[in-house]
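For reference, the structure is listed below as structure tokens.
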Amino acid sequence: MSFNNVANADAHAAVAKSMKIAQEHVSAGCNRVVGALDWGDLLVAYAAHNLVCLYDAEAAKVVATMIGHTDRVNCVQWLPTSGADAGMSGVIASGAADNHIIIWLSHADKPNRPWSIAAKLQGHSGAAIALAHALVGDTLLLFSSAEDTQVLVWECSLGPQHERTDSAYSQWTLRQKLDTGNGLQHCLAVAEIPGQEGWLLLAMGGVDCSIRLALAPPEGNFLPVCSLSGHADWVRSLAFTQPPPADTQQGHLLLASASQDKYLRVWRIQPQSAPQSAPQSTHAGAPSTSGPNSTSSNGNLANDIARYAPKPQFSTPQGQYTAFLEALLVGHEDWVHSVQWQRSLGQGLQVQPLCLLSTSMDRTMMLWRPDPLTGLWMSEESVGDAGANNLGYFTGCFSPQGTSILAHGFTGALHLWKRPEGQWGTGWEPGHALGGHYGAVVDMCWGVDGSCLLTASTDQTCRITAQIQGQWSELARPQVHGHDMSCLAFIPASSCYVSGAEEKVLRVFQAPQAFTQTLAMAHGHPPPPQASTPHTSQSPALGAAVAALGLSNKAVYAEDLQDSNDSGASGMEGGHYTDGPDLAPNAAPAAVAGPPLEEHLAQSSLWPEIAKLYGHGAELFCVAASPSSDLLASACKAQTSSTAAIWLWDTTTWAALGSLIAHSLTVTQLQFSPDGQWLLSVSRDRTVAVFQRGTGSVPFSLQHRLKAHARIIWGVAWSPDSAVFATASRDGSARLWSCSKLTDNAKPSATIALGQPVTAIAFEARHSPESKQGSHQYRLALGLELGTVSVYTVSREDDKFLTSCQWESSADCSHCAPVRRICWHSGHSDCQDTRQKQACFATCADDHCIRIFQITS
């Protein structure tokens with residue numbers, strides 16, 4: 001609700017029309033933990049900050065975000081629905097560092113209803129790190145592991161009484177607590193013993209390098225029965241499966257385990273009366289052993305000892321079961337983080353050969369299958385990324401039909417590979433998948449031709465998002481830095497932007513030819529020819545490269561690549577590389593016609609650095625560019641007046657013009673007025689400084705210093721006619737100030753009380769269509785500390801203001817952390833998509849998300 005100290009805002013709000021705003025785009029990087037990704041029957045669920053995101057892999061789009069956790073989400077898993085008649089389209093369980101497990105529920109018969117929380121399970125005293133589930137009849141069991149070293153077993157009845165009602169999945173009881181001592185259990189897997197209905201076998205792997213097995217009878221408690229030893233480092237992932245019907249050894253279970261010792265192990269659990277598998281499969285690629293009486297070599301003796309040594313066993317009423325090592329899979333060169341079996345394709349029966357997917361920090365995913373003749377497990381296929389700028393994967397999973405595989409990596413991006421259509425077994429092709437920041441997004445602005453959204457994040461990258469073929473996606477990653485980013489600004493009448501990080505230097509970057517050509521093709525235009533710019537005497541570089549352990553992007557020209565090719569070298573640096581992908585050179589910059597892949601974004605879309613601006617005495621905090629493109633203003637973290645000075649820079653020579661002293665603590669935001677005649681600064685010292693443009697050597701001078709709020713001022717914004725500015729503060733209010741009667745003791749013309757800290761504020765860059773002669777109407781967007789976004793209309797006639805809230809974000813399109821920036825974009829003429837003629841705005845927040853909203857009416 002808004003309050004006005006000049007006029008009655010309530011009366012105006014009563015007649016105001018509601019504004020219709022649709023969310024066009026969401027992006028957020030996946031959390032860098034094992035188990036943060038799972039592919040259901042239709043959608044992919046993944047964890048991003050405190051959110052659970054639902055992702056459509058075919059459309060490469062986040063279709064929903066769910067807010068419920070208060071700390072980082074560590075694991076997500078799809079749960080089985082309660083039958084075809086239950087009306088549910090999906091059920092998800094998520095565990096987070098807030099110690100809670102949340103059950104999310106959606107209904108197929110209510111397509112407009114967002115996902116809701118069906119239950120919140122509270123039982124752990126530490127962060128939840130792993131989940132597993134089993135459906136036994138109408139009873140769903142959920143297993144959770146946490147940092148409190150306990151494994152909890154939860155039970156939910158899915159009987160007919162819950163069908164088509166909101167009570168489905170809401171009634172959970174804690175069935176059992178399993179105390180694992182001091183051993184943290186990183187992963188869980190559970191399976192029903194074949195042929196013994198209701199008997200469950202639970203596998204737990206953790207920091208003690210062993211796999212613990214626990215057995216439970218129907219409706220009974222789990223009891224430890226044995227452990228499987230062999231791994232030499234933490235066990236990170238477990239997965240059960242049953243051999244296919246063609247396997248002669250029925251009634252068996254296969255358990256795959258992945259470890260940080262770089263190896264995978266496949267364990268076979270079989271009835272004791274059954275003959276054991278051939279011992280040659282105890283090591284992938286190992287030769288067959290001789291008979292039991294053969295001791296002609298130490299190798300055969302070792303095999304005989306392993307074969308006839310006592311093995312882990314457990315018993316059920318149907319008989320004894322033995323667990324032993326089926327295969328040791330060697331192929332990865334770094335930690336193996338996850339394993340998953342290809343799922344069934346038939347009516348609950350596997351109709352395809354066994355296939356195991358593994359993901360590793362060595363930047364590869366491998367597919368393992370047993371040879372049908374020898375039984376030896378072999379790595380038949382491998383996919384991944386090559387290049388010095390790429391790191392490994394955390395979790396990998398199959399699509400429901402097994403025709404695609406998906407993984408999330410160290411940079412937060414999703415990596416997708418698909419089988420060529422109609423060509424089963426002929427390899428994999430990389431596909432486009434959405435990425436996003438994996439750190440707080442601290443600043444953003446629209447730039448280039450007006451169609452590109454530039455963002456800066458504490459993940460040490462600056463990224464550009466634009467529409468490609470009608471779809472929002474990441475177009476380039478102009479800066480991959482070694483410090484957390486803090487601010488950026490695009491210089492309007494140029495192809496340059498400036499960024500600041502947790503260092504004392506501002507860096508200026510220029511768009512290379514590869515980017516301008518990619519952007520032109522994204523808009524459906526032919527690539528432009530080479531052209532010079534006002535800031536350089538030569539044509540723009542083709543791209544850029546950053547040296548190992550370096551911080552500066554060095555320009556790369558077409559002739560440099562030609563010289564490298566003439567000398568027989570591969571790429572831009574390093575020449576031939578025979579030592580594998582770890583020492584692969586940087587890829588050559590090149591324009592791409594479609595959405596770029598993560599491998600291209602990480603190493604082939606950098607912008608060259610053309611200038612460094614020195615002068616600040618502490619880490620940069622904010623920067624702004626004048627609308628005429630001739631000036632930059634910047635400020636750094638400060639606790640004294642001298643350090644809090646605002647520096648002005650000439651964008652023609654990149655020289656410092658002087659400094660403006662007005663604050664005693666850190667300046668939190670700077671903004672030039674649209675007419676270029678005023679500069680505003682707000683600070684932690686709770687004041688607003690107003691500078692006016694003049695003719696001196698320092699272009700601006702202090703005119704007014706206002707004590708504007710009772711708490712820290714986080715944001716400031718100018719109206720499009722430069723007649724009004726607004727401030728946002730931690731005191732829970734946004735205030736409007738008229739420039740016509742501004743004095744050092746001026747009072748705000750209007751105050752909007754929000755009831756919680758206001759962390760971001762922005763006026764639409766053009767007048768509202770409802771503005772009339774003699775009166776002015778603006779749109780003002782506000783971002784709050786709890787993550788919600790509101791849009792207000794501000795009506796001004798003379799010095800009288802009326803404000804009313806026209807729209808407030810709902811839970812399914814709100815952030816879950818403080819909003820850092822809001823940027824309005826009023827459409828541009830270069831984009832062929834007519835929807836972009838409508839006004840839209842973008843928001844970014846500490847929850848790693850970028851959201852773009854479209855005003856539809």
Side-chain angles (χ1 to χ4, degrees), residues 25 27 437 441-457 461-468 472-479 481 485-501 506-520 522-523 525 528 531 533-536 540 544 553 601 605-611 622-634 649 651 669-672 674 676 717-718 720 762-766 820-831 836 839-844 850-852:
H25 171 72
S27 71
H437 287 289
V441 187
V442 295
D443 204 356
M444 67 183 345
C445 66
W446 294 95
V448 191
D449 62 350
S451 66
C452 297
L453 182 65
L454 285 77
T455 55
S457 169
T461 65
C462 290
R463 308 189 186 206
I464 296 178
T465 303
Q467 280 198 324
I468 305 175
W472 290 99
S473 62
E474 187 176 346
L475 187 66
R477 201 168 297 168
Q479 189 177 5
H481 204 38
M485 306 304 300
S486 57
C487 57
L488 60 75
F490 193 83
I491 302 173
S494 73
S495 58
C496 300
Y497 83 91
V498 59
S499 69
L506 285 166
R507 299 175 185 268
V508 185
F509 300 86
Q510 183 183 45
Q513 295 182 50
F515 173 80
T516 56
Q517 293 169 356
T518 298
L519 181 61
H523 292 331
H525 304 319
T533 68
H535 295 291
T536 59
N553 294 357
L601 293 169
S605 62
L606 294 173
W607 286 23
E609 184 179 313
I610 62 173
C622 58
V623 65
S626 65
S628 56
S629 302
D630 59 337
L631 292 176
L632 281 176
S634 61
W649 311 86
T651 60
Q669 190 174 0
L670 296 162
Q671 192 171 72
F672 288 91
W718 279 103
F763 276 103
E764 185 184 0
R766 62 181 180 182
R820 287 295 192 100
R821 285 288 184 271
I822 300 176
C823 293
W824 283 89
H825 171 50
S826 299
H828 55 87
S829 59
D830 197 32
C831 182
Q836 283 304 99
C840 70
F841 63 90
T843 64
C844 65
I850 299 169
R851 298 177 184 266
I852 299 177

Nearest heavy-atom neighbours spanning [X] and [Y]:
| X | Y | answer |
| --- | --- | --- |
| Val623 | Leu488 | CG1-C, 3.6 Å |
| Trp446 | Cys840 | CZ2-SG, 4.3 Å |
| Ala466 | Leu475 | CB-CD2, 4.1 Å |
| Ala625 | Ala489 | N-CB, 4.1 Å |
| Phe509 | Ser499 | CE1-OG, 3.5 Å |
| Phe515 | Cys452 | CZ-SG, 4.2 Å |

So how far is it from [X] [atom1] to [Y] [atom2], rounded to the nearest 0.5 Å?
| X | Y | atom1 | atom2 | result |
| --- | --- | --- | --- | --- |
| Thr461 | Gln479 | OG1 | CD | 8.5 Å |
| Ser457 | Met485 | OG | CE | 9.5 Å |
| Ile491 | Ser628 | CD1 | OG | 11.0 Å |
| Arg851 | Cys844 | CZ | SG | 12.0 Å |
| Cys462 | Asp443 | SG | CG | 9.0 Å |
| Leu632 | Phe672 | CG | CZ | 7.5 Å |

Side-chain donor/acceptor of [X] to backbone N/O of [Y], under 3.5 Å:
| X | Y | value |
| --- | --- | --- |
| Asn553 | Glu609 | no |
| Trp718 | Gln671 | yes |
| Ser626 | Gly676 | no |
| Trp472 | Thr465 | no |
| His825 | Gly450 | yes |

Which residue is it: Arg820, Glu474, His437, Arg463? I am looking for the one with a side chain to side chain donor-acceptor pair (under 3.5 Å) to Thr455.
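The option that passes is His437.
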
Are the side chains of [Y] and [X] in contact, using a 4.5 Å heavy-atom criterion?
| X | Y | result |
| --- | --- | --- |
| His523 | Asp449 | yes |
| Pro478 | Tyr497 | yes |
| Ser495 | Thr516 | no |
| Ser629 | Ser494 | no |
| Trp649 | Leu506 | yes |

